[in-house]
Amino acid sequence: MKEVSLKQLLNTMTIDEKIGQLIQLAPFFFQDSIKGEITGPMRDIGIDVDKIKYVGNVLGIGGAKEKRMIQEDYLAHHPNKIPLLFMGDIIHGYKTIFPIPLALGCSWNKDLVKETARVAAKEASVAGLHVTFSPMVDLVKDPRWGRVMESTGEDPYLNGEFAESMVLGYQSESLDEVGTIAACVKHFAAYGAPEGGRDYNTVDMSKRVLMQYYLPAYQKALDAGAKMVMTSFNSVDGIPATGNRWLLKGILRDSWKFNGVTVSDYGSVVEMVEHRTAENKKDAAKQAFNATLDIEMMSGAYVNHLKTLIENNEVEKAFLDESVYRILSLKNELGLFENPYRFASEEKEKTVHLSKEHRALAKRSAHEASVLLKNDSLLPLNEKQNIVIIGPYSDEHSIMGPWSWQGSETDTISLKQGIEAIIKRPVKTASGTNLKGELTNFDEAITLAKEADVVILALGEPAHYSGEGGSRTNIKLPGKQESLLEAIHQLSKPIVSVLFNGRPLDIKNLNEKSNAILEAWFPGTEGGNALAELLYGYVNPSGRLTMSFPRNVGQVPVYYNHFSTGRPKKNHNYNRYVSHYLDEENSPLYPFGFGLSYTNFEYGTIQASSHVVTEKKGIEVSVEVTNTGKVAGKETVQLYIRDDFASVIRPVKELKGFKQIELNPQEKRTVTFKIKDSMLGFIDQSLNKTVEPGTFKIYVGNHSETSAFIEITYKNKV
Ligand code: GLC
């Protein structure tokens with residue numbers, strides 16, 4: 001529809017119709033028979049049935065058939081035939097489920113992540129979906145928080161890179177393209193920093209920290225063209241994000257010039273009453289609307305109070321047409337006025353969902369998302385060895401992780417199935433204990449282990465222990481798994497541990513008792529096949545952690561880009577009066593950027609084209625990397641900087657670039673990075689971007705604890 005017609009349509013709409021466009025409800029409000037994905041507390045929303053006919057947006061619903069049914073029925077009754085917008089959580093795949101985002105991040109492969117988003121969009125679009133509530137780009141530092149699984153980790157720069165990849169994957173170059181869906185970046189803002197790692201808890205930080213570390217990844221998603229933004233449940237600088245005018249209007253619209261659609265999170269408008277910044281739903285509606293929030297998800301503030309607020313001039317009336325026009329424009333960009341069913345097709349669902357190519361991508365992404373944390377040469381296994389698999393994940397199909405509501409366990413390959421496909425003979429398994437923490441065939445597991453050359457321990461946490469509402473104070477292996485580990489370790493058999501989890505766990509004990517550890521996260525539909533191929537060396541592990549593993553939960557939050565403090569612990573000499581623990585190291589068990597390979601990579605000395613950077617002239621830094629091992633492998637060369645001295649505290653290291661190279665044995669490659677002034681900048685105390693003159697350390701290595709660096713100088717006056 002042409003813009004002029006859209007404006008004419010807007011002018012013909014009644015106020016009830018306009019307000020209806022600002023509401024999003026679950027599907028059963030439209031059709032009793034439809035089940036939907038409920039991701040928040042169901043409460044009495046108090047919406048009169050006669051207002052349903054105006055509601056313009058639907059949350060979380062299944063396939064093409066249901067969407068066609070609802071759309072058809074709705075348009076038959078809608079005065080202006082404005083089509084419904086269907087949105088849902090496609091976070092790491094639709095029917096073909098990929099590894100969870102925290103795992104995908106460990107691939108450090110932007111093209112791969114973009115491909116997974118592209119396939120997710122193809123599968124979701126034939127199911128009639130228009131918008132996905134992804135990418136989630138919340139910066140995370142606390143593994144007690146269950147939604148770390150949904151992020152890509154603890155680094156602002158890397159999260160921004162993956163945000164861009166996902167948006168481009170979902171939306172391609174244009175939403176006219178078949179197989180695209182619109183991206184909604186979330187949760188704006190800083191939802192990943194709840195106190196105590198407890199979901200929905202208070203978030204409080206300075207505006208400078210918010211703008212320096214937490215906001216850039218959202219902006220990167222919008223720079224990539226994301227069409228929507230979802231507000232977060234938490235408060236930002238004392239005001240709930242959903243009603244925060246400084247955040248939603250000041251930053252998002254006025255400063256970043258975002259003219260897309262904003263949607264609240266599930267009920268977060270009325271939750272301002274629980275935050276105690278709104279006395280009632282009417283006050284909540286007023287604050288959200290005046291903050292320029294467009295769509296209210298699953299609560300009844302707008303639908304029950306906005307009309308009165310507007311008619312009594314208690315809100316900025318002009319915002320109504322602006323909001324409605326943004327929503328109509330998105331529906332128009334999706335082509336819904338010409339074709340309200342867009343790409344929905346029951347026929348295509350049969351061929352597109354779980355196609356061979358999609359499964360192949362799911363397997364490849366699980367290869368690259370897995371991280372080899374330890375290997376004292378036990379891996380790779382060989383087919384002749386007599387192995388057994390012990391533990392709750394031995395033959396478990398629930399390895400898709402949270403936010404995989406359209407995926408099916410019957411389509412998912414277990415670890416046992418994957419290994420049997422490789423060694424072409426049955427593999428004995430015994431869970432020993434289940435994911436409910438009950439002992440099962442514990443004795444049988446020990447007996448089986450005694451007969452084996454090598455024991456594979458398939459351990460982890462149940463999928464519902466992470467994800468939304470899944471915060472834990474104890475991040476060890478749950479239930480009886482540590483006892484199972486002790487019992488197996490007593491047998492003095494070689495142990496390979498494979499971990500299925502949605503967060504970094506406290507695996508200090510497992511690390512001491514395993515000869516090898518493969519971090520599988522929740523690897524998705526093709527998980528078993530991918531892990532088997534990694535364990536048997538068909539594929540060389542290349543994953544690198546994007547979130548630190550603590551030695552124990554008492555260290556949390558522990559992350560690589562920390563600050564020096566005035567009393568840094570500098571060496572191993574004991575000194576009580578420095579920043580340290582009496583009972584634990586400061587460093588994580590496994591740091592950001594870490595991961596092993598079946599080969600070795602050696603780094604030469606860092607070379608620089610110059611040691612002076614100016615506003616006008618950058619430099620190049622390079623290092624030669626050699627594969628000194630016996631098999632080919634992929635290495636992720638990482639570039640970090642440290643600002644030696646500045647007007648505000650700066651991290652001891654910050655990731656500023658990375659490159660992936662694949663080398664055959666004895667092959668060498670020179671990797672080069674450009675260093676320009678913008679990489680050296682930060683946000684100062686006046687909340688302005690600045691680059692201060694001074695010295696910087698440039699590190700190049702294979703994880704964030706790398707020590708090889710060169711010194712450069714930035715000169716702003718030459
Ligand atoms: C949930 C989540 C959000 C999700 C939304 C819709 O509460 O916080 O990430 O997109 O509701 O399901």
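Both counts, for ligands and for their atoms, begin at 1 and track the order of listing.
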Open item on the list: What I want to find out is whether Arg253 reaches Asp294 closely enough, with some N-O distance under 4.0 Å, to be called a salt bridge.
Closed with: yes
Task: Short N-O contact, Arg147 and Glu468, less than 4.0 angstrom - done: yes
Task: Lys186 neighbourhood, listing ligand 1 atoms whose heavy-atom distance to it stays under 4.0 Å - done: 3 (C), 4 (C), 9 (O), 10 (O)
Open item on the list: Suppose we call two aromatic rings close when their centres sit under 6.0 Å apart. Are Trp403 and Phe133 close by that rule?
Closed with: no
Task: Per-atom contacts of ligand 1 with Asp89, taking only distances under 4.0 Å to non-hydrogen atoms - done: 4 (C), 6 (C), 10 (O), 12 (O)
Task: Side-chain ion pair, Asp89 and Lys186, N-O less than 4.0 Å - done: yes
Open item on the list: Could you work out, with side chain to side chain contact (heavy atoms under 4.5 Å, CB included) as the rule, every residue matching Lys220, not counting sequence neighbours?
Closed with: Glu161, Glu164
Open item on the list: One thing to verify: whether Arg472 and Glu461 come together as a salt bridge, which I'm taking to mean a side-chain N less than 4.0 angstrom from a carboxylate O.
Closed with: yes
Open item on the list: Just to be sure I'm reading this right: ignoring hydrogens, which of Met87, His187, Met136 gets closest to atom 9 (O) of ligand 1? Compare them by their nearest heavy atoms.
Closed with: His187
- [ ] Report yes or no: does a heavy atom of Tyr191 sit under 4.0 Å from some atom of ligand 1?
- [x] no
- [ ] Return yes or no for this condition: an N or O of Glu150 is under 3.5 Å from an N or O of ligand 1.
- [x] no
Open item on the list: So is Met230 touching ligand 1 or not, going by heavy atoms under 4.0 Å?
Closed with: yes
Task: Polar atom proximity, Tyr266 to ligand 1 (N or O, under 3.5 Å) - done: no
Open item on the list: Using a 4.0 Å cut-off to any heavy atom of Leu59, which atoms of ligand 1 qualify?
Closed with: 6 (C), 12 (O)
Task: Polar atom proximity, Trp403 to ligand 1 (N or O, under 3.5 Å) - done: no
Task: Pairing residues for Ser255 by the side chain to side chain contact (heavy atoms under 4.5 Å, CB included) criterion, not counting sequence neighbours - done: none
Open item on the list: At less than 4.0 angstrom from any non-hydrogen atom of Phe233, what atoms of ligand 1 do you find?
Closed with: 7 (O), 8 (O)
Task: Those atoms of ligand 1 less than 4.0 Å from some heavy atom in Glu468 - done: 1 (C), 2 (C), 7 (O), 8 (O)
Open item on the list: Salt bridge check, Glu349 against Lys95: does any charged N sit closer than 4.0 Å to a carboxylate O?
Closed with: no
TODO: Check if Met298 has a non-hydrogen atom at a distance under 4.0 Å from any atom of ligand 1.
DONE: no
